[in-house]
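Notes follow the structure.
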Amino acid sequence: MTRIIRVAILETDTPIDPILARYGTYGAIFNRWLNTGLQGLTLTDTEIQTTIWDVVNKSEYPKPGDFDALLMTGSNVPWIIELVKYVHDIHEQHKKPIVGICFGHQIVARALGARVGRNDEGWEISVEPFQLTDTGKQLFSKDSLVSHLKGGYRS
């Protein structure tokens with residue numbers, strides 16, 4: 001019997017035009033990544049089904065009973081309070097697993113009571129510097145990325 005994992009993807013922003021044209025919306029990108037990642041595992045009896053929710057243009061959220069896990073994409077816009085309340089409820093009342101990417105992890109942190117604010121040291125890409133692949137070197141015109149760039153938030 002196939003196990004189905006229902007993932008609700010909350011799109012909290014739209015990619016910049018070149019990314020949108022080439023790869024689609026954040027929901028489409030994460031759907032592809034989740035399913036590609038699952039193919040590499042030995043869980044042949046597991047399937048991921050995603051629903052994508054545009055929470056920026058339609059302030060509508062999925063019902064907790066309609067998904068098994070929640071994934072939020074990145075963003076930085078003023079409607080955050082409603083989203084924080086929703087995530088808090090999903091965690092506290094419904095005990096669902098939650099994955100936050102970029103801005104999404106900041107929302108999860110806020111919803112669970114952590115302090116989130118501007119990082120005076122700059123953007124954090126990783127805890128440690130990391131070496132780029134050949135493709136990464138082409139994209140960033142560098143051999144490695146360091147953990148701090150100008151601007152950014154931390155939680």
| said: Distance check, rounded to the nearest 0.5 Å: L34 atom CG versus I9 atom CD1? | reply: 5.5 Å
| field | Which atom of P97 lies closest to which atom of D68, heavy atoms considered | value | CD-O, 3.1 Å
| Is there side-chain contact between E11 and V56, with heavy atoms separated by less than 4.5 Å? | no
| Can you name the nearest heavy-atom pair linking V55 to E60, along with the distance? | CG1-O, 3.7 Å
| request: Without swapping roles, check the side chain of K96 against the backbone of F67 for a donor-acceptor pair under 3.5 Å. | output: yes
| query | Got a second to check how far R6's CZ is from E47's CD, nearest 0.5 Å? | reply | 12.0 Å
| task | Using atom types as modelled and distance alone, determine if a side-chain donor or acceptor of D66 lies under 3.5 Å from a backbone N or O of P62. | result | no
| field | Single hit among T12, I52, I29 for side chain to side chain contact (heavy atoms under 4.5 Å, CB included) with T73 | value | T12
| Matching residue for N31 among T36, T50, T25 - test: side-chain hydrogen bond (donor to acceptor under 3.5 Å, both in side chains) | T50
| field | Shared hydrophobic cluster for F103 and L20 (ILVMFWY, side-chain gaps under 4.5 Å) | value | no
| task | Report the distance from atom CD1 of I5 to atom CZ of R3, rounding to the nearest 0.5 Å. | result | 4.0 Å
| What is the distance from atom CE of M72 to atom CD1 of I101, rounded to the nearest 0.5 Å? | 9.0 Å
| request: For the pair F30 and Y26, name the ring-plane relationship: parallel under 30°, tilted 30 to 60°, perpendicular over 60°. | output: tilted
| said: Tell me the closest heavy-atom pair linking A111 and H88, and the distance in Å. | reply: O-CD2, 2.8 Å
| request: Could you walk me through whether L10 and Y86 pass side-chain contact (heavy atoms from CB on, under 4.5 Å), step by step? | output: CA-CA 11 Å; L10 305 186; Y86 174 78; 4.0 Å; yes
| field | Any donor-acceptor N or O pair under 3.5 Å, side chains D45, T2 | value | no
| task | Give a yes or no answer on whether the side chain of R32 reaches the backbone of G27 with a donor-acceptor pair at less than 3.5 Å. | result | no
| Which is it for W53 and K58 under the side-chain contact (heavy atoms from CB on, under 4.5 Å) test, yes or no, and what are the steps along the way? | CA-CA 8 Å; W53 298 79; K58 303 171 193 164; over 6 Å; no
| task | For residues V116 and Q106, report the shortest heavy-atom separation together with the two atoms involved. | result | CG2-O, 3.6 Å
| Same cluster for L38 and V99 if Ile/Leu/Val/Met/Phe/Trp/Tyr side chains link at under 4.5 Å? | yes
| request: Calculate, to the nearest 0.5 Å, the distance between atoms NZ and CD1 belonging to K95 and I90 respectively. | output: 11.5 Å
| request: Enter the distance from I107:CD1 to L70:CG here, rounded to the nearest 0.5 Å. | output: 11.0 Å
